[in-house]
Every structure is written in C-alpha cells, then in structure tokens.
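Count residues from 1 along the sequence. Values below: every heavy atom of this structure, side chains too, minus hydrogens, waters and symmetry copies. Remember, predicted model here, so these are calculated numbers, not experimental data. Whatever order the structure lists them in is the order used to number ligands and atoms, beginning at 1.
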Amino acid sequence: MIEYLIELIKKALDEVHAAHDLPGVEEIRVRYLSKKGEVSLMMGKLRDLPQEERPAFGQKVNEAKEQIEHALYVKKQALEEAELLKTLEQEKIDVTLPGYQFYQGSIHPLNQVIEDVEDLFVGLGYEVAEGPEVENDHYNFEMMNLAKDHPARAMQDSFYIDENTLLRTHTSPVQARTMLLKKGEPLRIICPGKVYRRDDDDPTHSHQFMQIEGLVIDQNISFANLKDALLKMIRHLFGEDRVIRLRPSYFPFTEPSVEVDVSYVKKDGSLGYIEVLGAGRVHPNVLKMGGYDPLKFQGFAFGIGVERIAILKYNIDDIRHFYTNDIRFLSQFKGVNR
Ligand code: PHE
C-alpha cells in the first residue's frame, strides 16, 4: 500500500509539473484531492490495514496530500504570474497617442463684469449685499419713495405675483433692506443681482437683466464722493483715459439725481458719450424710512446695468446672447478678465 501511495504522489507531482494552464491545475486538484479524489480514497483504505499500521499510514496519506497541495499552489502561482506578464506584454500603453479633448467651461461674461466691479469696491471698503428676486412692493417701491399711486412706478412695469409681491424691478430694494439691517450705522455696500421688467425682448431689451447697486451712507458725504466713486468704477471698467459726464435726471429715491455718460472716441476722432447708469444723493425720505436721521446722515447711490457694461466692453450686438447659452458665444469669454 505504501508503495502504491508513493507511486501516486510521484504521478500527481509529474502531472502538476506538466500542467500548462490553470484549468489543468484545477482538474488535477479535483482528481487527487477532492472528497472522492484518489488521495482521499487512500484514507478509506485505512480500514483494511492492521490496527498498528494505521496511524503511520494515515500520516503518510496526510503528507501526500500536503505535498500535492503545495505543488499545486506553486504551479498555480507560476501560471498566474506568467499570464499577468503576458497580458502586460500585450496591453502596452502608447503614451504618445493624443488624449481626449477636455472641454472646460468659463465664467459667464455678466459674472465677469460683476466680479470685476466687486473686486474694485471691496478694495475700497464696501461690503457685498444681496436680496431676494421675489420682492415685496414695500421694499421695491414704497421704501424707495414710490408710494402706491406714484406715477414713476409706470417706468418700471413688472411681473406681479400678487397685489404686494413682484419680481423686483431694480436692485434698489436691497438699499432699504440693508439700511434696516444696519440700524443707523454708516454703510458702504454693493449689490449685484437679477432684476425684471415687463418688456418685449429685442436686441437691446430683455425682460430679465442684471444690475449692480451701490449705496454709501455716512456723515459728511457730498456729491463729490459720488463723482469720485463713479469715475473710479468707469475707469476700472473701461480704462484710465475715460471721462464721465453727469446730466440732471430724476429718480424718486435720489435728490438730486443724475444720468451718467461715459466718453468714447468716435470713428471720426471726436469725443462721444454713452449713457451707462443712474445715480444721485439718497433722498431724505429714503434715509428716514431706513432709520437714518437725514439731518445727520447723507448718502449716495447708483445703479448700473451689467449687460450695458458687457455690451460696451465686448462689443456685443444683441442682449439676448447673454441668455441663450450658446457655447460659441460663451466660449469667447474665456479668461477675458483673468
Ligand atoms: N434703480 C434705478 C433703476 O433701476 C437706478 C438707480 C439706482 C438710480 C440708484 C439712482 C440710484 O433705474
């Protein structure tokens, strides 16, 4: 029996040695080591042996099992390694192949203008404030000195949600909200955001657009401070060679009020002016409603159209380009400001 066992081990080891793939190795394992495999059958033969020979024989069978298991393990490792090497050999990566093109988005031109203006004013000590686009009539109009029956409301026809709620027609309600928040403390803010007015869309009109509001309230604020802030902003946006022109105008929330024009050089070399924003000294009624004593505090405010700036800066022929998400348009503004 021992001789048979030795023969069996030799045969198994030879077969393992000769195996040339993983399924072959598995087949050998099943044939020798599974429950009904040849080595296990040898265990069954124990019963045929005299009692005293059984432990020694049992041990030999176990040794045979371990020997074959070990041989299978070594062979399996070798085959797996060979297979891996073969795959690596076949799957050589060609690092010289061109890569896939990766499309990168860019900051929307309107947001570029906003960030640019914010950068300037934050550097001058202003805070950035925001307010809701769905606004109360109270903040949008009344606190801006436009009572319910005020005729100037007609200049800013809006989208009403109900009697007292509308899509804000300008960023000026953020003035009122911030004044109440600051509770009589001096303030300097800049408020960018979307505004809405009922309008038929065409190359120069949009029912939705963006504004940046500026508001300063402090003691000893004069019209000269307003002019200085406006000139700084215009030169920051359009270049140091620009000048501004102020024309008398009317807004219910400022007194006196001005319309601000920026200079440009016409084709024939002469100087022209284009209107870019409205501004003025904060009306005493607005100060009062916001909790400031108009005898102690003065202020100035301005409101500038973001599309207007972008159109002039980048020579854009149709305001609707800003809202139609055409990548051919948007991708032209990659890194314009940075
Ligand atoms: N709110 C005004 C508008 O939308 C602009 C403005 C703001 C004018 C602040 C003066 C002061 O037309």
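- Without hydrogens or angle criteria, R54 side chain to L49 main chain gives a donor-acceptor distance under 3.5 Å.
- A cation-pi contact links R177 to Y139, judged by a cut-off of 6.0 Å to the six-membered ring centre and 45° from its axis.
- For F302, every heavy-atom contact with ligand 1 shorter than 4.0 Å involves the backbone, none the side chain.
- Using a 3.5 Å distance cut-off with no hydrogens or angles, the side chains of H236 and D116 do pair a donor with an acceptor.
- Put simply, the side chain of R281 gets close to the backbone of I221: a donor and an acceptor are under 3.5 Å apart.
- A heavy-atom distance below 4.5 Å is found between the side chains of P192 and E118.
- By heavy-atom distance, the residue among G278, A301, G280 lying nearest atom 8 (C) of ligand 1 is G278.
- Using a 4.0 Å cutoff on heavy atoms, H283 does not count as a contact of ligand 1.
- On a distance-only criterion, Q211 and ligand 1 share at least one N/O pair closer than 3.5 Å.
- Heavy-atom distances between M144 and ligand 1 stay at or above 4.0 Å for every pair.
- Of the protein's non-hydrogen atoms, F253 CZ, 3.7 Å is the one closest to atom 2 (C) of ligand 1.
- Nearest protein heavy-atom neighbour of atom 5 (C) of ligand 1: G303 CA, 4.0 Å.
- Geometrically, R245 engages Y273 in a cation-pi contact, judged by NZ or CZ lying under 6.0 Å from the ring centre and within 45° of the ring axis.
- At a threshold of 4.5 Å between non-hydrogen side-chain atoms, the residues L230 and L277 count as touching.
- Remark: ligand 1 and S172 share an N or O pair separated by less than 3.5 Å (distance only, no angle test).
- Among R281, M155, Q175, R197, the residue whose heavy atom lies closest to atom 12 (O) of ligand 1 is R197.
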